[in-house]
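Numbers restart at 1 for each chain; the letters A, B, ... are given by sequence-line order, proteins then strands.
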Protein chains: 2
Amino acid sequence: MARRSEHTREQLRDLMLEAAEQLIVNKGLAGLSARAIARQIGYTPGTIYLVFANLDDLILQVNARTLDRLRLPMQAAVAATDDPEQQLLGAARAYADFARGHPNLWRACFEHRLPEGVAGPDFIDTRIAQLVELIMAPLARVSGAEGAALDAAAQSLWSGVHGVCILTLTGKLHMVGGQATEHLTDDLITHYLAGLVSRTSPASSRA
Amino acid sequence: MARRSEHTREQLRDLMLEAAEQLIVNKGLAGLSARAIARQIGYTPGTIYLVFANLDDLILQVNARTLDRLRLPMQAAVAATDDPEQQLLGAARAYADFARGHPNLWRACFEHRLPEGVAGPDFIDTRIAQLVELIMAPLARVSGAEGAALDAAAQSLWSGVHGVCILTLTGKLHMVGGQATEHLTDDLITHYLAGLVSRTSPASSRA
DNA sequence: GCGCGATAGTGAACGGCGTTCATTATCGGC
DNA sequence: GCCGATAATGAACGCCGTTCACTATCGCGC
């Protein structure tokens with residue numbers, strides 16, 4: 001019972017990540033199991049532990065990939081125009097779009113919990129920070145904010161967009177006048193920006 | 001093996017919810033199990049299924065209680081002042097406070113996933129809607145918005161506050177200039193409100 | 001061509017899980 | 001003092017993550 005390098009460690013890693021991704025896509029994080037991955041790639045569960053420390057480790061690697069893929073359309077949206085407000089609106093729409101298009105992968109990034117004490121690894125934190133940094137430049141241009149105020153603005157605004165996506169896409173916002181995700185992100189961003197501009201550079205409208 | 005009403009159905013229900021809550025508080029949603037609940041109250045796992053349809057049902061009941069408890073400090077914050085902006089800031093701070101004070105219970109409300117197809121029950125949706133409705137009146141007063149615009153504002157703003165709480169409290173916002181939760185909710189609300197006011201009732205400052 | 005040490009991969013096992021259900025021990029009423 | 005109803009059991013089913021002694025195969029030195 002050994003196929004001695006029928007696949008490289010690296011190939012095996014990719015096979016497993018691919019299989020895991022597919023399982024998450026089809027049945028959500030809860031549908032993922034070491035046994036299911038093994039079944040799908042024709043190995044036994046034990047083999048997974050030759051490549052990953054444990055299932056959490058594997059899931060975090062899938063999430064890292066997802067965050068990388070999520071960054072691309074957001075970058076594209078920022079690159080698509082020179083108007084900083086449009087850049088922010090576009091990035092948020094790209095974010096919401098990705099979340100709606102790959103709900104299970106996206107939710108896996110934010111709903112996966114490590115055991116009680118353990119902190120998330122740097123390679124995830126870094127990738128989330130990259131997303132927030134994407135909006136820093138447009139935000140600085142549109143508001144004139146800098147330093148700690150700019151950090152705060154980027155974090156609160158992006159968290160806000162994230163919150164809108166979470167609550168609308170998980171169906172927890174089934175209330176009175178249920179609004180579409182993009183409608184709400186647009187609302188949040190335009191009003192936030194208007195307020196930020198009026199407070200940071202009080203007397204100007206440079207149209 | 002039958003103690004024939006050593007406890008009422010109702011008492012049993014309370015015992016189970018209490019035990020479940022304690023387990024979630026101490027070890028998170030992942031630390032909850034039918035066997036653990038049963039062990040804690042001196043019954044066997046099977047008994048749980050005489051009272052609840054399944055574990056998900058039980059968890060949803062715990063979450064309903066949590067949301068009820070969460071509403072109280074938010075209501076108090078709204079009642080504590082007449083200034084609508086202060087009401088909104090206070091409600092958000094109360095929300096963040098509760099989330100920080102009972103992180104595992106709070107996260108259970110939003111991270112618990114039902115099986116793939118199943119939708120959340122009304123008694124949860126209703127309670128979330130109640131939280132959003134709490135901020136509708138202040139929001140209407142401060143902005144003059146009404147109808148669909150008011151709905152959108154309440155939903156996007158509250159979702160935003162929720163997003164800030166999620167990302168800061170789960171440690172996913174460990175970035176450049178890490179900001180305190182309350183600082184970010186204040187930032188989000190003040191700027192959003194400033195923008196909302198300037199767009200809804202363009203030419204006025206009624207201090 | 002051959003044997004041998006290294007090792008990729010196995011598969012059985014452990015202790016846990018949610019859930020079901022035939023069985024039992026106890027109760028209230030006759 | 002019995003008997004029907006029923007609260008509660010506990011064993012069972014099929015899952016789970018994870019570990020590890022073992023084995024079947026490989027590449028290498030002869």
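- Remark: C1' of dA8(D) and CD of Gln11(B) are 16 Å apart, rounded to the nearest angstrom.
- dG18(C) atom C1' lies 12 Å from atom NE2 of His112(B), rounded to whole Å.
- Rounding to whole angstrom units, CG of residue Leu12(B) and C1' of dT9(D) are separated by 13 Å.
- To the nearest angstrom, C1' of dA8(D) lies 12 Å from CD1 of Ile41(B).
- Between Thr170(A) and Arg107(A), the shortest heavy-atom contact is CG2-CZ, 3.5 Å.
- Interface residues of residues 23-36 of chain A facing DNA chain D, ordered by number: Leu32(A), Ser33(A), Ala34(A), Arg35(A); criterion, heavy-atom separation under 4.0 Å.
- Residue Ile48(A) is out of contact with every strand shown, counting any heavy-atom pair closer than 4.0 Å.
- With rounding to the nearest 0.5 Å, the separation of CG in Leu188(A) from CG in Leu157(A) is 6.0 Å.
- Contacts of Ile37(B) with the nucleic acid, taken as non-hydrogen atoms under 4.0 Å apart, are absent.
- Within residues 51-60 of chain B, the residues that have a heavy atom under 4.0 Å from DNA chain C are, in order of number, Asn54(B), Leu55(B).
- Pairs of residues two or more places apart, or lying in two chains, never qualify as ring pair (Phe, Tyr, Trp, His ring centres under 6.0 Å) while including a residue from residues 121-151 of chain A.
- Applying the side-chain contact (heavy atoms from CB on, under 4.5 Å) test to Arg35(A) and every residue at least two apart in sequence or in another chain returns Ser33(A), Arg39(A), Pro45(A).
- Of the candidates dT20(C), dG11(C), dT19(D), the closest approach to any side-chain atom of Thr44(A) belongs to dG11(C).
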Checklist entry - When you look at Arg100(A) and Glu182(A), which way does the salt bridge (Lys or Arg N to Asp or Glu O under 4.0 Å) test go after all the steps? => result CA-CA 11 Å; Arg100(A) 195 189 7 261; Glu182(A) 266 88 352; 2.9 Å; yes
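- Both Thr47(B) and Arg39(A) sit near DNA chain D, but only Thr47(B) has its closest nucleotide nearer the 5' end.
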Checklist entry - Going through the checks in order, is the side chain to side chain donor-acceptor pair (under 3.5 Å) test met by Glu116(B) and Asn104(A)? => result CA-CA 10 Å; Glu116(B) 193 68 351; Asn104(A) 284 338; 3.1 Å; yes
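- If you measure from atom OH of Tyr43(B) to atom P of dG18(C), you get 19 Å, rounded to the nearest angstrom.
- Tyr192(B) and Asp187(A) share a side-chain donor-acceptor pair at under 3.5 Å.
- Taking the side chain to side chain donor-acceptor pair (under 3.5 Å) definition, one finds that Arg13(B) meets it with nothing, sequence neighbours left out.
- Listed by chain and residue number, Val132(A), Ile135(A), Met136(A), Leu139(A) satisfy the side-chain contact (heavy atoms from CB on, under 4.5 Å) test with Ala154(A) (two or more places apart in sequence, or in another chain).
- Side chain of Leu50(B), nearest nucleotide from dA8(D), dT18(D), dG9(C): dA8(D).
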